[in-house]
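This report concerns only the one structure given below.
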Amino acid sequence: MNPSMAPPLSTLSPSTMAVSHFPLSKPFYPKPTSSTSSPSLQCHSSISEQLRPLSLSLLKDTPAHGESAHSKPTWLNPTKSKPNVISLVRHRKTKPTSNGNPQSLLLNPTLLQTLVSIPDSDKYLFFSTLTEAFPSPPSDDDVLFLLNSLYRHPKKSILLLEWLKESSFQLETIFYNLVLKSLRNTRQWDQIDRIASDMLHHGPQPDNITFSTVISAAHKCQRFEKAIEWFDMMYSAGVIPDEVTFSAILKVYAILGKKEEAIILYERGRATGWKPDHVAFSVLGKLFGDAGDQDGMLYMRDEMKRLNIVPNVVVYNTLINGFGRAGRPNIAKELFEEMCKLGVNPDERTLTAIFKIYGKYKRTHDAMDVWARMKENRWPMDQILYNTILTMCADLGMESEAEKIFEEMKQSYKCLPDKWTYSVMIKLYCRRSKSDCAWKLLFEEMPQRNLQPDVTCYTSLIDCLGKEGRVDDVVAAFESAMETVPSQIDDQLCCCLLSTMARCKDEMQMNAILACIEKASPMLHSLICMLWNESIGFDEIKKSFRELLSKAPINVRRPYCNCLIDMCTFRPGFPSDRPRELFHLGNIYGLYQGLQTQRLSEWSVDLRRLSLGAARAALDDWLESVAEAVEDSERLPPQFRIFTGYGLDRFKSALPNYLEGYLSDAGAPFHKSEKMAGSFVAEKADLLQWLHGQGILTVDVSEIL
DNA sequence: CTAGGGTTAG
């Protein structure tokens with residue numbers, strides 16, 4: 001590095017000095033106490049005034065947390081001068097707008113086309129063309145015009161720069177900045193790194209625009225560590241970042257999930273007197289939102305109020321999304337209503353966010369309300385919003401509304417249904433057991449519109465057909481998937497095949513599905529064969545099961561296990577202890593956590609989210625654990641309860657009905673609870689006697705009772 | 001693109 005640039009601020013490298021003087025394990029912000037802003041701050045902008053809320057919030061808690069009682073928050077000590085981590089004035093663009101009259105264009109209107117048409121490798125031709133076009137040196141405006149025009153041709157931008165250098169043209173920072181931007185567009189990180197380093201060592205001096213361009217380029221090229229390196233280098237190069245550069249690096253921290261670093265930087269900026277703008281707040285909002293950090297988002301809201309900043313639509317969008325993701329639909333709704341009231345018009349992304357939330361949290365009423373206001377106020381619409389609304393309809397079971405919107409899309413000219421739209425509609429129909437409608441969309445309409453279905457379309461349909469027992473159609477749909485999307489076939493689809501298998505009526509159907517599974521997943525096929533084979537022991541099953549599960553995504557593991565248990569429970573031909581073995585394995589791999597609860601007054605098992613076979617295995621398992629507790633002389637509660645859930649529709653009532661039958665067939669002393677719908681209870685004495693009668697409990701019950 | 005930074009979908 002050029003020693004002449006050795007700066008007084010070289011010790012101030014934010015990411016290496018990112019040692020906080022307050023405990024980072026605690027949130028840096030206090031819990032928001034009230035939502036009112038401090039009126040005393042409204043008409044002041046002196047640094048001490050601006051620091052006040054910060055110092056209050058930071059210093060107050062620190063000693064209380066113990067571990068840092070003796071540390072000095074250097075940044076906030078008003079007796080020392082504060083280091084400038086951020087320049088409070090934005091870098092001024094030296095060049096106003098050019099007068100739009102580059103000589104070159106007047107002299108030679110085809111010059112640009114000529115330059116573009118020259119092969120990148122023909123440096124000689126490129127240079128001689130330029131030399132011919134500019135017998136005297138080009139003006140700054142000429143160069144700017146050319147560089148801007150060569151934005152999409154980064155190699156030629158560099159050649160132009162080289163030519164200028166050779167022509168002893170006075171090169172200014174702005175020219176390099178434009179070349180860097182051009183390189184960023186095509187993500188050529190190494191070139192960018194090289195040119196920017198060259199600037200550092202040989203000039204022209206990089207400025208904030210240079211650094212922000214380099215940082216955002218590193219971001220775009222996924223070279224996040226480089227982004228941080230370059231940011232740190234600014235201080236040693238004597239360039240104090242302004243708020244644009246700040247936002248750029250905060251964004252990088254956000255992507256890396258470096259919340260603490262972002263907070264430290266933000267705070268230091270604030271301590272310097274920075275008043276963050278909307279972009280900074282939207283970056284931080286996204287950061288906290290992704291981290292599910294509600295307090296962070298609330299603190300931001302508070303900061304904006306303190307600074308008298310009304311969030312713009314982007315900031316609102318990040319917050320609404322963030323609170324939705326953090327499981328706070330009410331706060332999201334509040335923000336949405338607040339922005340409407342303040343006259344900040346919601347855009348497509350706002351509405352996408354809010355409908356997604358209303359769908360997820362089953363807010364049908366709120367959704368319909370926004371839908372009506374949308375039409376009334378002619379709020380904007382786009383494809384993603386349409387598809388999100390359809391997804392919401394699917395979640396809320398609003399079939400006829402979805403059909404109406406689907407038709408509306410077909411009529412529209414700019415939001416025609418795409419494959420996402422179809423996938424949502426297929427899912428919606430499948431959830432409502434309308435496999436014929438789904439079939440028609442998948443096999444007729446999509447091909448007509450030249451849309452390629454993805455695997456999820458097939459998976460939905462196969463699942464639905466399987467539940468309807470239409471095994472031949474399952475096979476047909478699977479064959480079609482094998483033909484069109486063979487590489488996409490995944491565990492989720494296999495799981496649906498497996499669940500179909502558990503419902504097969506006869507051996508012929510079983511074999512048909514088994515043949516599909518063999519093509520889709522040889523590993524699953526071999527596990528099924530092993531389960532069938534009586535001579536295969538637990539350890540071998542375990543090994544194969546583990547192999548299957550470890551390769552499957554987490555969300556499919558439990559369904560896999562459920563389906564396997566169902567198959568072994570309800571299909572003839574499997575050894576009788578397979579369901580329990582599989583349930584045991586599922587427990588080993590943490591698939592069935594939290595089913596059992598023990599309170600002093602009651603022990604219970606929650607079977608509500610299990611498949612029929614898995615529920616039965618879990619129930620048997622629970623009853624055995626009660627027997628074991630008796631044998632271990634544990635203290636027992638007076639009452640035992642089984643949660644089965646209750647359902648009004650056929651689908652949801654399957655499990656309670658099945659378990660009720662199972663309990664009564666076994667003569668178990670559980671009866672429907674009157675106080676708590678969806679559960680069965682038994683008294684201790686009745687249960688123990690019955691367990692004894694079943695041979696599950698071997699000790700003499702009368703002694704205990 | 002007009003020298004730099006921000007938010008949406010199973």
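Nothing here was measured: the structure is a model prediction, and the numbers come from that model. Proteins get letters first, then strands, A, B, ... in listed order; numbering begins at 1 in each.
- Residues that satisfy the ring pair (Phe, Tyr, Trp, His ring centres under 6.0 Å) test with A:F406, not counting sequence neighbours, are A:Y422.
- Side-chain N/O atoms of A:T245 and base N/O atoms of B:dG5 include no donor-acceptor pair closer than 3.5 Å.
- Within 4.0 Å (heavy atoms only), A:D395 reaches no atom of the nucleic acid at all.
- A:N185 comes within 4.0 angstrom of nothing in the nucleic acid, heavy atoms only.
- Scored by the side chain to side chain donor-acceptor pair (under 3.5 Å) test, A:T500 finds no partners at all (sequence neighbours excluded).
- Using a 4.0 Å heavy-atom distance criterion, A:R152 is classed as making no nucleic acid contact.
- Residues passing the salt bridge (charged side-chain N to carboxylate O under 4.0 Å, His left out) test with A:R557, sequence neighbours excluded: none.
- Every side-chain contact (heavy atoms from CB on, under 4.5 Å) that A:N330 has, sequence neighbours left out, goes to A:R363.
- Judged by atom type and distance alone, A:T213 does not reach the base of B:dG4 through any side-chain donor-acceptor pair under 3.5 Å.
- As judged by a 4.0 angstrom heavy-atom cut-off over every strand, A:K356 is placed among residues touching the sugar-phosphate backbone only.
- One finds a side-chain N or O of A:R184 lying less than 4.0 angstrom from the OP1 or OP2 phosphate oxygen of B:dG5.
- Remark: ring of A:F211 does not overlap the six-membered base ring of B:dG4 in a stacked fashion, as centroids less than 5.5 Å apart with planes less than 30° apart are not both met.
- Annotation: B:dT2 and B:dG6 have their P atoms spaced 13 Å apart (nearest Å).
- Residue A:I426 contributes atom CD1, which lies 21 Å from atom P of B:dA9 at whole-angstrom precision.
- The P atoms of B:dG5 and B:dC1 are separated by 11 Å, rounded to the nearest whole Å.
- At a threshold of 4.0 angstrom between heavy atoms, the contacts of A:L178 are confined to the sugar-phosphate backbone, with no base atom among them.
- Within the 4.0 angstrom heavy-atom criterion, no nucleotide atom of any strand lies near A:T350.
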TODO: Could you walk me through whether A:Y358 and A:I389 pass the side chain to side chain contact (heavy atoms under 4.5 Å, CB included) test, one step at a time?
DONE: CA-CA 10 Å; A:Y358 288 164; A:I389 292 174; over 6 Å; no
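- Of the residues in residues 309-322 of chain A, A:N312, A:V314, A:V315, A:N317, A:T318, A:N321 come within less than 4.0 Å of DNA chain B through at least one heavy atom, sorted by number.
- Considering only residues two or more places apart in sequence or on other chains, A:N148 meets the side chain to side chain donor-acceptor pair (under 3.5 Å) condition with none of them.
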